[in-house]
Amino acid sequence: MPRALITGITGQDGSYLAELLLAKGYEVHGLIRRSSTFNTSRIDHLYQDPHDPTARLFLHYGDLSDGARLITLLTKIDPDEVYNLAAQSHVRVSFDEPEHTGDTTGIGSIRLLEAVRVAGVKCRYYQASSSEMFGATPPPQNEDTPFYPRSPYGAAKVYSYWVTRNYREAYGLFAVNGILFNHESPRRGETFVTRKVTRAVARIKAGLEHDLYMGNLDAVRDWGYAPEYVEGMWRMLQADEPTDYVLATGGNFTVRDFVAASFEHAGLDWEKYVRFDERYLRPTEVDALVGDASKAEEKLGWTPRVHTPELARIMVDADLEALEHEGRPWIDRPNLPDWKIPVA
Ligand code: NAP
Ligand code: G4F
């Protein structure tokens with residue numbers, strides 16, 4: 001039975017990747033952070049009591065800031081594949097917490113690579129690189145496009161990209177960078193723009209909110225569907241040779257397009273609800289990310305099927321459904337601030 005270790009298993013991508021690998025017959029180990037409240041809601045449906053002899057999902061406490069713990073875990077688990085998905089992944093937040101972002105999103109990767117090397121584990125290694133690394137370089141962007149990061153997050157990802165390549169060249173590690181463009185789903189964190197919009201659409205439709213405050217509506221993104229992107233990650237580690245790949249849909253949509261499509265799907269006119277708030281602007285913006293994934297298509301047979309307009313519909317439907325299933329605890333507590341509201 002192949003064995004995989006996923007850092008960031010509690011995140012959007014980690015949860016879909018864990019599902020995929022379990023379905024393929026893997027034993028899956030996940031790194032989770034200790035927190036004072038449960039942070040495993042995206043993977044609770046996969047969890048099995050470890051006393052059950054058929055259990056194939058195992059969770060371990062750890063953190064990318066703790067190199068000694070990573071060495072201990074690598075030695076104990078001895079995985080065939082390591083997927084490094086953990087990161088402080090929010091670009092706007094990286095301006096508020098630049099040092100922490102550098103420590104986890106950047107240095108965290110070399111701690112993990114070094115743990116693989118020191119533990120002497122013979123595994124294949126995936127690094128979650130990002131289209132944010134291209135930053136100010138205009139689209140279309142592919143594996144040969146120069147990097148010009150525009151945030152502490154983007155700069156930290158560039159560091160991780162290069163140390164991953166360096167461990168490939170220096171130590172012969174089968175290490176690959178997946179340079180993924182934005183990918184979303186109903187499991188997307190609630191403060192990324194797509195989920196913020198689709199969740200607000202559902203709440204406005206239900207009469208729970210009226211205004212949606214947003215930043216730059218002119219930014220262009222290439223939004224794909226997360227379950228398809230984790231399939232691409234897995235394919236990268238099954239290839240004959242280690243190399244780096246872009247995953248993207250090639251779509252070219254503004255934030256405004258996504259907003260309009262989401263409201264329209266719920267039968268609402270977005271211009272009646274969306275307001276501007278400069279707090280959501282970034283000190284430096286990435287104006288346009290549109291990917292060219294022809295290498296992944298040619299070498300891995302990977303092609304995205306869900307494009308941005310359909311993605312908006314999938315996410316709005318899921319948020320409408322989640323509201324129905326959760327009931328409406330807000331009605332009795334109308335003044336509860338947004339961040340305290342239980343969400344799907
Ligand atoms: P996400 O939902 O924000 O998940 C991030 C994961 O990292 C969570 O499991 C989080 O744990 C964990 N984490 C954060 N800091 C950690 C630390 N110091 N030690 C250990 N774990 C830590 O992100 P995602 O959207 O799934 O993205 C997965 C990866 O792909 C990230 O590296 C992201 O930067 C990168 N990426 C994402 C996209 C995209 O569009 N989604 C595109 C390109 C690249 P908690 O649950 O405890 O917070
Ligand atoms: O959804 P976003 O926060 O994603 P962003 O910055 O593109 O980063 C995401 O994709 C990267 C891949 O390119 C990942 F590496 C990264 O981890 C993350 O998953 O913002 C998208 C766009 C930005 O231009 C932002 O300025 O939406 C704009 N925007 C406008 N109003 C907003 C808002 N973004 C957020 N989060 N909230 C707003 O109110």
Side-chain angles (χ1 to χ4, degrees), residues 6-18 30-35 37-43 61-66 69-70 83-94 100-101 103-105 107-109 111-112 126-135 141 149-151 153-154 156-157 160 177-185 187-197 200 212-226 229-230 233 246-248 253-256 258-259 274-282 284-291:
I6 304 174
T7 73
I9 193 169
T10 55
Q12 170 189 259
D13 290 6
S15 68
Y16 285 118
L17 181 64
L31 187 77
I32 63 166
R33 298 194 284 180
R34 194 270 158 182
S35 70
T37 52
F38 289 121
N39 59 359
T40 54
S41 62
R42 291 190 181 99
I43 52 169
Y61 283 117
D63 197 296
L64 284 191
S65 62
D66 182 352
R69 176 63 175 152
L70 296 177
Y83 295 86
N84 184 27
L85 309 186
Q88 190 302 92
S89 71
H90 202 285
V91 172
R92 176 67 190 82
V93 172
S94 79
H100 170 71
T101 303
D103 190 39
T104 55
T105 307
I107 304 291
S109 306
R111 289 196 189 97
L112 187 60
Y126 174 88
Q127 170 59 30
S129 284
S130 168
S131 49
E132 271 290 310
M133 301 187 305
F134 299 125
Q141 293 109 349
R150 296 269 285 170
S151 64
Y153 168 83
K157 283 289 185 188
S160 287
N177 285 289
I179 308 173
L180 272 50
F181 283 62
N182 300 50
H183 48 280
E184 322 288 314
S185 74
R187 294 185 200 169
R188 185 59 144 150
E190 291 86 355
T191 60
F192 295 96
V193 77
T194 53
R195 185 74 199 290
K196 176 173 170 175
V197 169
L212 170 61
Y213 288 94
M214 302 201 54
N216 176 18
L217 300 185
D218 294 325
V220 169
R221 290 291 182 276
D222 170 348
W223 286 288
Y225 187 40
Y229 284 56
V230 302
M233 295 176 188
V246 158
L247 297 186
F253 295 91
T254 61
V255 173
R256 186 179 291 99
F258 192 92
V259 168
V274 175
R275 313 265 176 269
F276 174 69
D277 184 338
E278 65 179 10
R279 281 180 298 183
Y280 296 110
L281 297 178
R282 288 131 195 228
T284 40
E285 175 64 290
V286 170
D287 293 329
L289 294 172
V290 181

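We count ligands from 1, going down the list as the structure has it; atoms in each ligand are counted the same way.
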Exercise. Looking only at protein heavy atoms, which one is nearest to atom 34 (O) of ligand 1, and how far off is it?
Worked result: Tyr153 OH, 2.6 Å

Exercise. Taking distance alone, with no angle check, do Trp223 and ligand 2 share an N/O pair under 3.5 Å?
Worked result: no

Problem set entry | Identity and distance of the protein heavy atom lying nearest atom 23 (O) of ligand 1 | Ser89 OG, 3.5 Å

Problem set entry | Min heavy-atom dist His90 to ligand 2 below 4.0 Å | yes

Exercise. In ligand 1, which numbered atoms sit nearer than 4.0 Å to a non-hydrogen atom of Lys157?
Worked result: 31 (C), 32 (O), 33 (C), 34 (O), 35 (C)

For this session: For Thr105 and Gln88, test the side chains for any donor-to-acceptor distance below 3.5 angstrom and give the result as yes or no.
Result: no

For this session: Would you mind telling me if ligand 2 is within reach of the side chain of Arg188, the backbone, both or neither, using heavy atoms under 4.0 Å?
Result: side chain

For this session: Would you please determine whether Asn182 falls within less than 4.0 Å of ligand 1 on a heavy-atom basis?
Result: yes

Problem set entry | atom 22 (C) of ligand 2 - nearest protein heavy atom and its distance | Val255 CG2, 4.0 Å

For this session: Mark yes or no for whether Ser151, through its side chain, and Gly154, through its backbone, hold a donor-acceptor pair below 3.5 Å.
Result: yes

Problem set entry | Nearest-0.5 Å distance that lies between atom CG in Leu17 and atom CD1 in Ile43 | 11.5 Å

Problem set entry | atom 6 (C) of ligand 1 - nearest protein heavy atom and its distance | Gly8 CA, 3.6 Å

For this session: Report the residues that fulfil ring-ring contact (aromatic ring centres under 6.0 Å, His included) with Phe192, sequence neighbours left out, ordered by chain and then residue number.
Result: His90

Exercise. Does ligand 1 have a heavy atom under 4.0 Å from the side chain of Ser129, from its backbone, from both, or from neither?
Worked result: backbone

Exercise. Does any non-hydrogen side-chain atom of Ile6 lie less than 4.5 Å from one of Leu85?
Worked result: yes

Exercise. For ligand 1, is any non-hydrogen atom under 4.0 Å from Arg33's backbone (N, CA, C, O), its side chain (CB onward), both, or neither?
Worked result: side chain

Exercise. Do any nitrogen or oxygen atoms of Tyr280 lie less than 3.5 angstrom from nitrogen or oxygen atoms of ligand 2?
Worked result: no

Exercise. Are any of the side-chain heavy atoms of Thr10 and Arg33 separated by less than 4.5 Å?
Worked result: no

Exercise. In terms of residue, atom name and distance, what is the protein heavy atom nearest to atom 33 (C) of ligand 2?
Worked result: Val193 CG2, 3.7 Å

For this session: Report yes or no: is the cationic atom of Arg221 (NZ for Lys, CZ for Arg) closer than 6.0 Å to the six-membered ring centre of Phe258, at no more than 45° off its axis?
Result: no

Seminar exercise, completed: atom 30 (C) of ligand 2 has as its nearest protein heavy atom Asn216 O, 3.2 Å

For this session: Any atoms of ligand 1 less than 4.0 Å from a non-hydrogen atom of Ala128? List them with their elements.
Result: 29 (C), 30 (O), 32 (O), 35 (C)

Seminar exercise, completed: Quick look: Arg188 vs ligand 1, heavy-atom contacts under 4.0 Å, and the answer is side chain

Exercise. For Asp63 and ligand 1, does the shortest N/O to N/O distance drop below 3.5 Å?
Worked result: yes

For this session: Measure the distance from atom 4 (O) of ligand 2 to every protein heavy atom, then report the residue, atom name and distance (to 0.1 Å) of the closest one.
Result: Asn182 ND2, 3.8 Å

Exercise. Below 4.5 Å, heavy atoms only, C-beta onward: do Arg187 and Arg42 meet side chain to side chain?
Worked result: yes

Seminar exercise, completed: Separation between OH (Tyr126) and CG (Asn84), nearest 0.5 Å, reads 10.0 Å

Exercise. Considering only heavy atoms from C-beta outward, does the side chain of Leu64 approach that of Leu70 to under 4.5 Å?
Worked result: yes

Problem set entry | Part of Leu281 with heavy atoms under 4.0 Å of ligand 2, whether side chain, backbone, both or neither | neither

For this session: Please round to the nearest 0.5 Å and tell me the distance separating atom CG of Asp222 and atom CG of Asn182.
Result: 7.5 Å

Problem set entry | Residue and atom name of the nearest protein heavy atom (relative to atom 39 (C) of ligand 1), distance in Å to one decimal | His183 CE1, 3.3 Å

Exercise. For ligand 2, is there an atom lying under 4.0 Å from some heavy atom of Lys196?
Worked result: yes

For this session: Would you mind telling me if ligand 2 is within reach of the side chain of Lys157, the backbone, both or neither, using heavy atoms under 4.0 Å?
Result: neither

Problem set entry | Gly14 N/O under 3.5 Å from ligand 1 N/O | no

For this session: Indicate yes or no: at least one non-hydrogen side-chain atom of Asn216 is less than 4.5 angstrom from one of Leu281.
Result: yes

Problem set entry | Test of proximity, Val91 against ligand 2: N or O pairs below 3.5 Å | no

Seminar exercise, completed: For atom 9 (O) of ligand 1, the closest protein heavy atom turns out to be Thr10 OG1, 2.6 Å

For this session: Would you mind listing which atoms of ligand 1 come within a distance below 4.0 Å of any non-hydrogen atom of Gly11?
Result: 2 (O), 4 (O), 8 (C), 9 (O), 26 (O)

Exercise. To the nearest 0.1 Å, how far is atom 24 (O) of ligand 2 from its closest protein heavy atom, and which atom is that?
Worked result: Glu285 OE2, 2.9 Å

Exercise. Which is closest to atom 15 (F) of ligand 2 in terms of heavy atoms, Gly291, Gly135, Gly11, Ser130?
Worked result: Ser130

For this session: Report the part of Ser89 (side chain from C-beta onward, or backbone N, CA, C, O) that has a heavy atom under 4.0 Å from ligand 2; answer both or neither where that applies.
Result: both

Seminar exercise, completed: Looking only at protein heavy atoms, what sits closest to atom 31 (N) of ligand 2 is Gly215 N, 2.9 Å

Seminar exercise, completed: Logged contact type for Thr104 with ligand 1, heavy-atom cut-off 4.0 Å, is side chain

Seminar exercise, completed: With Asn177 as partner, the option from Ser130, Ser129, Ser160 fulfilling side chain to side chain donor-acceptor pair (under 3.5 Å) is Ser129

Problem set entry | Per-atom contacts of ligand 1 with Gln12, taking only distances under 4.0 Å to non-hydrogen atoms | 2 (O), 25 (O), 26 (O), 41 (N)

For this session: Provide, to 0.1 Å, the distance between atom 13 (O) of ligand 2 and the closest protein heavy atom, together with that atom's residue and name.
Result: Ser131 OG, 2.6 Å

Seminar exercise, completed: In this structure, atom 43 (C) of ligand 1 is nearest to the protein heavy atom Leu180 O, 3.1 Å

Exercise. Looking only at heavy atoms of Gln12, does any of them come nearer than 4.0 Å to an atom of ligand 2?
Worked result: no

Problem set entry | Proximity flag Tyr229 to ligand 1, non-hydrogen atoms under 4.0 Å | no

For this session: Tell me, please: is Arg187 in heavy-atom contact with ligand 1, that is, under 4.0 Å?
Result: no

Exercise. Counting from 1, what ligand 2 atoms have a heavy atom of Leu289 closer than 4.0 Å?
Worked result: 13 (O)

Problem set entry | Heavy-atom side-chain contact between Arg92 and Arg279 under 4.5 Å | no

Exercise. Are any non-hydrogen side-chain atoms of Thr194 and His183 less than 4.5 angstrom apart?
Worked result: no

Exercise. Salt bridge or not for Asp103 and Arg111, using N-O below 4.0 Å?
Worked result: yes

Exercise. Short list, please: which atoms of ligand 1 are under 4.0 Å from a heavy atom of Asn39?
Worked result: 47 (O)

Exercise. Which protein heavy atom lies closest to atom 21 (N) of ligand 1, and at what distance to 0.1 Å?
Worked result: Ala86 CB, 3.4 Å

Seminar exercise, completed: atom 6 (O) of ligand 2: closest protein heavy atom, distance to 0.1 Å, is Arg282 NH1, 2.6 Å

For this session: Considering only non-hydrogen protein atoms, determine which one is nearest to atom 29 (C) of ligand 1 and report residue, atom name and distance to 0.1 Å.
Result: Leu85 O, 3.1 Å

Problem set entry | Ser94 side chain vs Val91 backbone, donor-acceptor pair below 3.5 Å | yes

Exercise. Can you find a heavy atom in the side chain of Val255 that is under 4.5 Å from one in the side chain of Leu217?
Worked result: yes

Exercise. With a 4.0 Å heavy-atom cut-off (strictly under), which part of His90 contacts ligand 1: side chain, backbone, both or neither?
Worked result: neither

